[in-house]
Each structure stands twice: as C-alpha cells, then as structure tokens.
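See below for the structure under consideration.
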2 protein chains.
Amino acid sequence: MARSDTRYREAFNRLLDYCGALPVGAALPAETALSDAAGVSRTVIRRCLARLQELGLISWDGREKHLLRAPAPADRIALPEHGGSSEDLEKRFLSWILRFDVPANTPLSVAELSRSFDVPQHELKEFLAGLSRFGLVGRRKQGGWMLRGFTREFAIELSDFRSVLELNAVAHAAEAPIDHPIWDQLDALRTRHLALKQRIDTDYHEFSKLDESFHMAINGVVSNRFVAEFQKVISLIFHYHYMWDKTLEKTRNAAAIEEHLAIIDALEARDGNAAVEAARRHLKTSKSTLLSSLRHHDLG
Amino acid sequence: MARSDTRYREAFNRLLDYCGALPVGAALPAETALSDAAGVSRTVIRRCLARLQELGLISWDGREKHLLRAPAPADRIALPEHGGSSEDLEKRFLSWILRFDVPANTPLSVAELSRSFDVPQHELKEFLAGLSRFGLVGRRKQGGWMLRGFTREFAIELSDFRSVLELNAVAHAAEAPIDHPIWDQLDALRTRHLALKQRIDTDYHEFSKLDESFHMAINGVVSNRFVAEFQKVISLIFHYHYMWDKTLEKTRNAAAIEEHLAIIDALEARDGNAAVEAARRHLKTSKSTLLSSLRHHDLG
DNA sequence: GTTTTGTTTGAAATTATAAAAAACACTTGA
DNA sequence: TCAAGTGTTTTTTATAATTTCAAACAAAAC
C-alpha cells in the first residue's frame, strides 16, 4: 500500500551507467548535481547512493564519494516491467466502445476496465472524468460511471460541432498565404484522391485513411488547442463508424472523393465561398452517413 | 480508510420518515421495494432494518416486519454535515485563478487546494483531469499538476474559438423561426441596452451582467452539449477579465452597447450577413480588450 | 560566502479496506 | 411450481492509510 519506487529503481540504474563511464577511484559529483542530471529529487539520489555503498561500489562519507569498483550487470535492480500500458488509453477506450458497439447507458465498471486495459483504477477514473467533459460518460447516482454513449442526439450534436469547426478551418485555409504548407499538402492530397479514384472498384476501403489525412490537413491550418483536442475525438469516432457501415461503401467513398476534390479545387482557386459551400455539402453527407450507420446498428 | 456511510445514514432517516407515516402495528414492505423507494441497495436497507430492530422500533423475523412504536426525533442518526461544498467547484476554482491572478506555470498542490476548497482530494484530481481537456491545466513530469494559465497564446486561442462558436450561433439565430423564444429575449435585451445607454455615465459597471445575458441568449439558440460546455468556461473567463480592466471602462462599455444593438438590429431585420458582420466586429473588440487587460496585468 | 550535506516537513501516488451494490442461491407461500 | 422474497456471497466503489518522493530548511565544510 504505497506508491511504486520505479523512480528510484530507474534512477539507480542510470546512476550505475554513469559510474560505468568513470574510472575506478574517481570522485562523484555533489548530490544536487546528480539529482539534476538524473531528473529526480535529492531524496532519491541519496537512497541510490546508500545502496551503492551497501553494494561496495562506492565509499561515501559526507561529501567524499569515491568509486571503489566498476559496476557489474548483477548490480542493476530489476524494473517492475510495465509496458507503458496507459499510454494511448483514450484510443483504446474509444476503440473498445465503437468496435464492440457498447450500447448507450451501459454502466462502466472501473474495476473491470482497469483490469482489461491494464491501467490503475485511479488513472481510469481521471480519464473518465476527462471524457465526461465531452458528455460521453457521466456519473451515476448510485456511484460509478456510465456510458452515455452514441445516441442519435450525441451524433447530431457531434456532427454539428464538427461542421462548425471544419467550415471555419476551410475558410481559414482559403486565406492562407502562398508559402503555407497547406498548399503542398493539398497538392499531394489531390494526387492521392485522383489515384484512388482510378482504382476505386477494388481499393475503395483505402478511402478511410485518405479521409483522415484530408481532414487532418484542413484542420491543421487552424492551430488552436481547443480545436485540436476535439479533433482527436471526432476523427476517431467518424473513423470507426465508417468502418462499420459497409452498405454502399464503394458508392459512398467514390462520392466522397468527388466532394473532397471539389473542396480542393475551390481552395486552390482561392475561392473561399465556393470552398466553404463545397465543405458544407461534404459535411452534410458525412452527417447523414453517420446517422444512418447508427440506425443500422440500432436495428441490428 | 473506507468510504463514508452517508448513504446508510440518509437512508435510515428517510426510512424513519416513512415509518412515521405508518400506523403502529403496520407491516413494512419487502426489502426490494424499500430499496427501490429509497434509491439505495438492499444491503443498506438491511443495515437500516437491523438498526430499527435494535432500537425496538420494529419487529423483524424473515419477511415479517412490523412497526412497534412511532419513531421519535431521538431515533434519527446525525449526518456528518457537509455543506455541498463540491457543488460549484468549477466556478470557485476559476474565480480563484482569475481573482488572484495566479500566474501561468504555477504548480498546483492538490492537497492544498483540497483544503482551501474543502473538497476531497480525489474529487479535485478528477476535476483537474477534466480541466486538462481544455488545456487549462496539465500534468508535471515530477508528478502533480500545474496551471498552464492565461498566457497570451491561451487568450488568443480562446478568443478565436469563442468567435467561431458565437458567429455560428448568430448565423443560426438569424434563421430562427418566428415563434422561437430568442425573439422575445432580443426584444427585452434591446430595451435593457437602451435603458443602460441612457444612464451609462453613472451605471456603466452594470454592463458586465447585461453582456453575459446577451451572449447567453445568443448562444442558447444552438443547443449543443459541446458548445454549452465551453460556454460556461468562456463566459466566466471573459466576465472576470472585464471586471479587472478598469481603464476606459465607461467608454468601452458604451461602445459595446452600440455593438450589441447593431447585432440585435441586424437579427431583427433577419439580415444574417449583417448580423454576422456586426458580431464579428464586436468579437474583435472583445478579443483586443481581453489581450490588453492581460498586458496591463503583466506589467502591474 | 557559497556550495554541499543532513534533517524535517509536506505532498503525490498507490494500495488496503469499509461501505455499498450486485449477483447468486436458497426459501416460502400463493 | 413458480414468482416474489430473503439470506448469503461476491464484486465494486469511495476513501484514507501508507510509502515514496520532492522540496524547504538548517547546519556544516570548503
């Protein structure tokens, strides 16, 4: 019942490496210097030094610290291996919801999620608290959390919000200076779109990735932390929903390619109004696709 | 080290009330029914029943539960009083930051905040995790949290984001059907604006409230959970910043009244484009006011 | 007088645990 | 016999205890 001492263990091994680069008999620098170098507090450094002394690696008396022998591999302490599991928790969580089509109003068990995602409970709670800001999850009166989920309402509001952000981005893109990276990106995107259009009959499933690239490029023009935060969630949701709804996928993607190209054309012509109009059409299609994919799911 | 038994205590008192409404000798309903009625689990109900039995209030054997005497005030158990302190944590936290002008990159001590806001630590942590979604706070590598704060960058991005949302709201308002409540609201707002304009020389400080009402009405047209969530934060921030910057407050507010009236005029004329343009002008003023208020603060 | 170490204090992360919820397995009486 | 209720067990949640760590402070050494 306490916090892990991973910090100490890692620092110790790093210190061992540091000693390895020193000749036997050399003096070690001050504790403050060591703590700065290792990026930990002096408390940890002193714990490490104590262990080094115990192992007979150094002599330590006051500010006299000398290396007695070269460190051996056996001196290292094992790290409680933990594959940075809580790294992309967000991605994994959303994937889980969307992939397994977890229905709205499902109670979420922190204990269970904690196990299946291999993440400490308190981390999960903080994560859920963050998601609750997006209205995706909420607290229950009896305690615990529940998935508010992808109701029709949610999808509509999400789509609308996305539209607002993206139309703004398109308008900004149209005004971007000539040396802005967006123009090169658009050029490359046009090529990719045209290429895929040629082989749409066979490779239509490749569109999903292209779609993501396209929207990311457009939204990248607006450098705004709030927009960026939302974009992450939005793109994931749309991405997965597209993966589901296999009805008419080929037709749908072919149409979307045309819509994208229309936006690119208008942008490259620096015709802001036309670009925004084209984007509006595309986002409208996108929204109805999302909604119909939900409908199919509800029925299935 | 355990969770509090407030739930049990509250349930017990509620059960006491329930018994008070019953004649002596009456039978009590099934545990399941009681738990449903009280909104707690059967476990809690059984604990309550056990206590009722101990106090000689009821006889309890299997499914035979009978009221033996009317409950007295002394039978109640005390609640560990806690003035719903964690209610408006968000408001209080933002107020604290803005009022005391907590600088950017200040380390936030959860322990300290927990004490000063009188809120359990874990609640604060969840709260901060939520705020981190807005980029207002972030984690430190050494552990703990820190206030990213109201840097110039933050203010700019916030203003821009606000503009995007609000311009969208204005555009929607212009399209609102004739029976939409916004029209009555705008009418009332126009009257209030004109009234304040008359006595601006003396009552100019009243504008802040009027400003909030105005923007809330406009944004209310768009019913979107994401917009609403942001609106809360945005309005608070702008509200407090206006309170600070006393330079030219009268002139500033007088000008803002005109800008608001221009928006109202255009909306009531159902001229969407004019309304959006008027709003754009107003938001631009608003942004530069916010930025200059930051500048003053930096220098002070 | 500045740098370094020894010591104390307070906070953060993590776990242990009581309270509550939910699931399960029996009774009981129509 | 079977639905509704109770007794019991298992699981989960909320919270505080505990350990590790960070940082402030004070004494000492160069």
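So that the names make sense, note that chain A is the first sequence line, chain B the second, and so on, each numbered from 1.
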Base, sugar-phosphate alone, or nothing: which one does [X] contact when heavy atoms must sit under 4.0 Å apart?
X	answer
A:K141	nothing
A:S4	sugar-phosphate
A:R9	nothing
B:L124	nothing
A:R63	base
B:L108	sugar-phosphate
A:R47	sugar-phosphate

[X] has a side chain; which of [options] sits nearest to it?
X	options	result
B:R42	C:dT5, D:dT8, D:dT15	D:dT8
B:D5	C:dA20, D:dT6, D:dA14	C:dA20
B:K65	C:dA21, C:dT5, D:dT6	D:dT6
B:W60	C:dA13, D:dG7, C:dT5	D:dG7
A:R3	D:dC21, C:dA18, C:dA20	D:dC21

| field | DNA chain D: 5'-proximal contact among A:E112 and A:K125 (nearest heavy atom) | value | A:E112

| query | Considering heavy-atom distances to DNA chain D, does B:P120 or B:Q142 have its closest nucleotide positioned more toward the 5' end? | reply | B:P120

Hey, does the side chain of [X] come within less than 4.0 Å of [N]'s phosphate (OP1/OP2), counting only N and O?
X	N	result
B:H122	D:dA14	no
B:R46	D:dT8	no
B:R7	C:dA21	yes
A:S109	D:dT13	yes

| note | From CG of B:L34 across to C1' of D:dA4 the rounded distance in Å is 14 Å

| task | Round to the nearest Å and state the distance from A:I45 atom CD1 to C:dT5 atom C1'. | result | 14 Å

| task | Report yes or no: is there a donor-acceptor pair, N or O only, under 3.5 Å between the side chain of A:S41 and the base of D:dA23? | result |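 No.
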
| query | Which heavy-atom pair separates B:W145 from B:S132 by the least distance, and what is that distance? | reply |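 Taking B:W145 first and B:S132 second, the nearest heavy atoms are CZ3-CB, 4.1 Å.
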
| field | A:V110 to A:L128 - nearest heavy-atom pair and separation | value | CG2-CD1, 4.1 Å

| message | Checking A:D17 against A:R76 for the salt bridge (charged side-chain N to carboxylate O under 4.0 Å, His left out) test, could you report, in this order, the C-alpha distance in whole Å, the side-chain angles of both residues, the deciding distance, and whether it holds? | response | CA-CA 9 Å; A:D17 290 338; A:R76 304 190 141 258; 2.4 Å; yes

| Plane angle bin for B:F161 and A:F226 - parallel if under 30°, tilted between 30 and 60°, otherwise perpendicular | tilted

| said: When you measure from the centre of the six-membered ring of A:F12, is the NZ or CZ of A:R51 closer than 6.0 Å and no more than 45° off the axis? | reply: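 Yes - A:R51 lies over the ring of A:F12, closer than 6.0 Å to its centre and within 45° of its axis.
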
| remark: Ranking B:G39 and A:E31 by the position along DNA chain C of their nearest nucleotide, the one closer to 5' is A:E31

| Are the ring centres of A:F230 and B:F230 closer than 6.0 Å? | yes

